[in-house]
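The structure under discussion appears below in the form of structure tokens.
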Amino acid sequence: MQTVMTRTEDNALSNETPDAARKKVPLGSERLYPLLDEDVIQQKVRELARKISGDYAGHVPLLVGVLKGAWVFMADLVRQVSIPVSCDFLGVSSYGASTETSGVVKIVVDLKQPIADKEVLLIEDIVDTGLTLNFLVENLKLRGPRNVRICALLDKPSRHRTEVKIDYLGFTVPDRFLVGYGIDYAERYRNLPYIGYLEFGAEREKH
Ligand code: IMP
Ligand code: MG
């Protein structure tokens, strides 16, 4: 059941990771707390779209969404961009541990087109360790684009395991397990219009 609770101040600042708790608990025992409201997200999306439209004025960038998480963000973003763009998607899956990126990423859905000489803007929902984006940027660069830049809605800098240069960033967020606005837990919560975080099992009893 999705139960929305009010966020407390210490929750927002806590750096504790729920990874261990998350692995043990059955689906449905998690509790959802709001973090970023719908209007705050939409305002940020407009701001990012304005910057992108200005920076790429006179060009037609190829926006590449990383499936599935970035689909909702990208759908809103492209509708606020005022210059012509084209769109494509990459589907990735990560080998290894299920709740954390192993760093070994497999492209399961590839671009439909060559990107030689194109200006590519990767659209990602959330940067955690940074390993997925790092892999994708290196992979795309081998295909000879004019440039590859990154637009990410959320970033958890405390979790980075590699250097990632995010050219367009929405929000810096604490090390929490986030869901909503395209981001899932076991394929659920993608349809929330806002972003929240989940607490699992014993962890949620603290409140
Ligand atoms: P990274 O390679 O560790 O940066 O992983 C990035 C991907 O992991 C994101 O695109 C998400 O699909 C997933 N991910 C990272 N953090 C979260 C989270 O808090 N909730 C849900 N998925 C997440
Ligand atoms: Mg993603």
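Values in this document were obtained by computation on a predicted structure and should not be read as measured data. Indexing begins at 1, ligand by ligand and atom by atom, following the structure's order.
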- Can you find an N/O atom of Asp184 closer than 3.5 Å to an N/O atom of ligand 1? no
- Close N or O approach (Leu178, ligand 1; < 3.5 Å): yes
Which of the atoms of ligand 1 are close to [X], meaning less than 4.0 Å from one of its heavy atoms?
X: Arg176; result: 19 (O)
X: Glu124; result: 10 (O)
X: Ile183; result: 20 (N), 21 (C), 22 (N)

- Message: What I want to find out is whether Asp128 reaches Lys156 closely enough, with some N-O distance under 4.0 Å, to be called a salt bridge.
- Response: yes
- Salt bridge flag under 4.0 Å for residues Arg190 and Asp125: no
- Task: Assess whether side-chain hydrogen bond (donor to acceptor under 3.5 Å, both in side chains) is satisfied between Tyr168 and Glu47, documenting all intermediate values.
- Result: CA-CA 10 Å; Tyr168 303 94; Glu47 208 177 286; over 6 Å; no
- Evaluate the salt bridge (Lys or Arg N to Asp or Glu O under 4.0 Å) criterion for residues Glu199 and Arg31: first the C-alpha distance (whole Å), next the side-chain angles of each, then the deciding distance (0.1 Å), finally the verdict. CA-CA 5 Å; Glu199 288 193 348; Arg31 191 165 285 179; over 6 Å; no
- Report the member of Leu67, Ile126, Thr129 with the shortest heavy-atom distance to atom 9 (C) of ligand 1. Ile126
Any [X] heavy atom less than 4.0 Å to ligand 1:
X: Val179; value: no
X: Gly130; value: yes
X: His160; value: no

- Task: Please confirm whether Tyr197 and Tyr33 have ring centers closer than 6.0 angstrom.
- Result: yes
- For Ser82 and Ser53 the tightest heavy-atom approach is N-OG, 3.0 Å
- Query: Picking from Val164, Val105, Leu136, Thr162, what satisfies side-chain contact (heavy atoms from CB on, under 4.5 Å) with Leu131?
  - Reply: Thr162
